[in-house]
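Worth knowing before you read on, the calculation uses all heavy atoms, side chains too, and leaves out hydrogens, waters and symmetry mates. Chain letters run A, B, ... following the sequence lines, proteins first, then strands; residues in each count from 1.
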There are 2 protein chains.
Amino acid sequence: MTPSRISRVVVTPVAFSDPPLLNVVGVHQPWALRSIVEVHTDDGLLGLGETYADEAHVARLQAVAAELGGHDPYDLNGLRRLVTRVLAAGDGGAGASFGGMLDVDSAVDTVHSPFEVACLDIQGRRAGVPVSSLLGGAVRDAVPFSGYLFYKWAGHPGQPDDDWGEALTPDQLVAQAHRMVDGWGFGSLKLKGGVLAPAQECEAIEALRDAFPGLPLRLDPNGAWGVDTSVAVADRLSGVVEYLEDPTPGIPGMAAVSARTDVPLATNMCVIALDHLPASIASDAVQVVLSDHHLWGGLMNSRLLAGIADTWGLGLSMHSNSHLGISLAAMTHLAAATPNLTYACDTHYPWKTQDLIAPGVLDFAGGSVAVPTGPGLGVELDRDALALLHEQYLTCGVRRREDTVYMQSIEPGFTPNTTRW
Amino acid sequence: MTPSRISRVVVTPVAFSDPPLLNVVGVHQPWALRSIVEVHTDDGLLGLGETYADEAHVARLQAVAAELGGHDPYDLNGLRRLVTRVLAAGDGGAGASFGGMLDVDSAVDTVHSPFEVACLDIQGRRAGVPVSSLLGGAVRDAVPFSGYLFYKWAGHPGQPDDDWGEALTPDQLVAQAHRMVDGWGFGSLKLKGGVLAPAQECEAIEALRDAFPGLPLRLDPNGAWGVDTSVAVADRLSGVVEYLEDPTPGIPGMAAVSARTDVPLATNMCVIALDHLPASIASDAVQVVLSDHHLWGGLMNSRLLAGIADTWGLGLSMHSNSHLGISLAAMTHLAAATPNLTYACDTHYPWKTQDLIAPGVLDFAGGSVAVPTGPGLGVELDRDALALLHEQYLTCGVRRREDTVYMQSIEPGFTPNTTRW
C-alpha cells in the first residue's frame, strides 16, 4: 500500500439561518457561519472537517490549506508544526475571539482542529474503520445529547416569527423544553442564561424541574454573575441542577465560588485550553470541564483532556456552538470513544433547519445519536446543499459572529451582561 | 474492507543470558525473562508485543489471551475492560512487583500493555503505516538512547567472566563507558547506582565527567539514600548530572529533596502510574518523569503521560528494563512520535547477546536507533530464535526476577540498600 499524500484542500465558508437566541453578550445574528474543510488525497480519499467561519479564521484556514499539498495525513504532529509556522508567518496567529465569549490566546488549536479531523477521516477511510475506532473504540453505540434551551425573541426584527416562537418566561421555556424532549427525546436540559436577572433564571430552572421531575438540568449564564450572586444561585439551585456552568468569569472567580458551594461548577470559558488546566486544578476552580474539539485543537487533544480529567477526577462534558453535521459526526465519534464523558453533550443541532451532509446518519433517537459505523466520520457531503449554504454565505452579508453588535443595532443601549449581577 | 478480528493469541516466555549487573536490591540473575505476545487476526495479520515474564505475569497474560478471540484490534477501550474483567475473575489482579523495585497496585496496566502494542502493530499493518504514524507521526527520524552503565562483577559466580568484565571502580566504569560510547555512539550516559556508598558513586560520576567532558550524565540509586544524603549528593553533582533519578523513595521524600536543590529530580519509582501524577505535581516532587509503555499501560497511556508532562511543564525521559527487539521497536516508535521526549531514552539493549527479531532494523548509529519505516512496528519474528530463547526459558530454571534472592545465594547477609545511606 503506498502512502496517502494530501493533494488538494478546499475551504468553503457557509451560512445557515439561525434564530434570535439570546445570551450574555447579545443575540444570535440571522445567519450562523461555519467553514467546511475538504482534504483530498492523491489516492482518492476525502476527509472532512468543520469549524468557525469568522473572516479572520477563514483567512487563516486558507493560508494553511495552501501549504498542505504533499502532507502525510497521518502526520498530525507535523500538521501542528505547519499550522504554527503558517500562522506565525501570516498574521501572527495571536489569538481569536468567537462571538465575544470565547477568547483564545493562540489560534493554533482552532485552526489545527478541522484539518486534524479531516486527516482522521482519511485515516479511517484508508483503514476501513470509523473514527471512533481510531480514538480507542466506541464504548457506547449511541451518544446522549442534552436539549439546549434559550431565551429568545419570537423572530428576528423585521422578519416573520420563527417556528419556535418567543421564550422569555418560565412557561415559554417549559414549552420550548417540551418540544425538545417530546420531539427529540433529550434526557437532560441546559438553559443558556445570563440574559435575565438571576432570580428570573432560577425561576425558569425551577419551572423546568417541576415540569420534568428528575431530568438533569444545567444553567449557563456565561459569567454574568459576581461571586456572591453565584454562591446565592448555587445555594438556591443545589439539588436542582447537575452543574452550574460559568456563573462568574475567570479561574480565580470560579475558585472563590467553588470554595463556597457543593454544587459542581463547569466551564467552557475559563478553562478552554490545555494551558489553563494546571491553575484550574491547583485551585479546584471547576469540577466539570466542557471539551470541544473545535476549540481545544482537535480530537487527539480532546482525548488528552479526557485523560487528564480522568486522572484528576474531573467531570467531563462537551460544549457546542451552532454547527452542522460534520461537527456533529466528529463530536459523536469523540464522545463515543471517551469512557469518562459521562455527561450528555451539548448541541445546537435542533436549532438549525439546513445541513450539508447526506441524510440517513446522525438522526436523534431518545436524545441520542447513533455512532456512525461507516469508515472515517461516516458522513458524506451533499454537494448541492454545500453550494446552497455557500451561496447563502456569499449573499447574507454576515462575515463574523457579532452578537453584541447585532443586539446594539436593535437595542442601542445594550452592553454585555458579563458580571452584571 | 472487512473488519479484522483477533483469531489466535500466543504467549511465549523466553529467557536470554544477562550479565551480573548490580543494583540496590541485589544483582541480575544469569537469565532475564520476557514474554512475547503474538496476536493473529482472521485476515492474516500478526501483531507483536513484549513484556515481563514473571510466572504470575505470564499466567495473567495467558488468561487474557484465552479470552481475546473475536476481539476487534481497534477496540483498545474494550481491551482494557477485558483485561480488567479477566484479572478480577482470576487472581484479582491486585498488584505486581517486578524485580523488587517496581511495585504496582494493579496489574491492569502491565497486562494490557503488550496486547495493546500488538493491536497497534496490527492497525499499522492494516493501514500500511508505521506505528509512529498511528501515534501522531514521527517528529524525528532516529531516537537517541543513553548508554546504561552498571557496577558489575566480572562474571556470574561459577561461570567464566563475561565479555564486559568487572566494573566496581571509577576507572572500570570509565572503561565500560568507553565501550558504550565508542562502540554504540551514545551521546549521554546513565549510571545505575545504589550499589556503593554515595561518595564512591559521586567519584564515579566525576570520573565520567572528566573522561567525557560535556556528555550529559545521570545517576540512579533507586532510592538508596535518605533526604539529607540526597541533598548532599545533589549539591556535589550540581552542574555535573542532567538529572538525579530516584535518590530517595516516595513522593513525600522526593518532594523534600526537591525543595532543597535545583538539580532536576527524575523518577521511575514513585510516579509510575497516572494515578501518581496529581500528588507528585501538587508537591513538585519530580521535574522529570520516566515513561515506560510496559509499566504505564501501553503506547496510548504513554502519549497521555507525555501530554500531561507537556501541559504541566514536566520533563520526559524513558525507562528501560532488560528487553529484546520488540520492546525496542515499540519504545522507538513512541519516542519518535513524542515531541517533548527530549531526554535520550534508557535502554539495556547493549547488555544482551541474543534477540528474536529478524536483523536489519533497530541497529544503533551515533547512539540512536532509526525509526522503522515498515508497516506496524516494522519488526518480524525470527522463529528459530524465538524457539531457542523459549527453550532457554524452559531449561534455565528462572521463573521470576529475584535480584535479592540471587544476591543472597552468593552473599547470605545481603539486604537491599533502600535508604541505606
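When heavy atoms are compared at a cutoff of 4.5 Å, A/Leu79 does not approach chain B at all. Only the side chain of A/Arg81 has a heavy atom closer than 4.5 Å to any heavy atom of chain B. With a 4.5 Å cut-off on non-hydrogen atoms, A/Pro278 touches chain B through its backbone and its side chain both.
Among the candidates A/Asp75, A/Asp310, A/Leu305, the residue making the largest number of heavy-atom pairs closer than 4.5 Å to chain B is A/Asp75. When the candidates B/Gly313, B/Ala337, B/Gly78, B/Ala138 are compared by the number of heavy-atom contacts under 4.5 Å with chain A, B/Ala337 comes out ahead. Between chain A and the residues B/Gly136, B/Pro73, B/Pro339, B/Ser133, the largest count of heavy-atom pairs under 4.5 Å involves B/Gly136. Each of B/Ser4, B/Ala273, B/Gly307 has some count of heavy-atom pairs under 4.5 Å with chain A, and the biggest count is that of B/Gly307. Counting heavy-atom pairs closer than 4.5 Å to chain B, the top-ranked of the candidates A/Leu277, A/Asp275, A/Leu76, A/Leu304 is A/Leu304.
In this structure, the side chains of A/Tyr74 and B/Leu135 stay at 4.5 Å or more apart for every pair of heavy atoms. Looking at heavy atoms from C-beta onward, A/Trp312 lies out of side-chain contact with B/Leu274 at the 4.5 angstrom threshold. Using a 4.5 Å heavy-atom threshold, the side chains of B/Arg303 and A/Met300 count as touching.
Formation of a donor-acceptor pair under 3.5 Å by the B/Asn77 side chain with backbone atoms of A/Gly137 is found in this model.
For A/Arg8, the CZ atom sits in a loose shell: 12 or fewer heavy atoms of surrounding residues, nucleotides or ligands are nearer than 6.0 Å. Counting non-hydrogen atoms of neighbouring residues, nucleotides and ligands closer than 6.0 angstrom, the CG atom of B/Asp105 reaches no more than 12 such neighbours.
Within the model, atoms CZ of A/Arg126 and CZ of B/Arg126 stand 12.0 Å from one another, a figure rounded to the nearest 0.5 Å.
Taking all atoms of both residues into account, the shortest heavy-atom contact from A/Ile308 to B/Thr311 is CD1-OG1, 4.3 Å.
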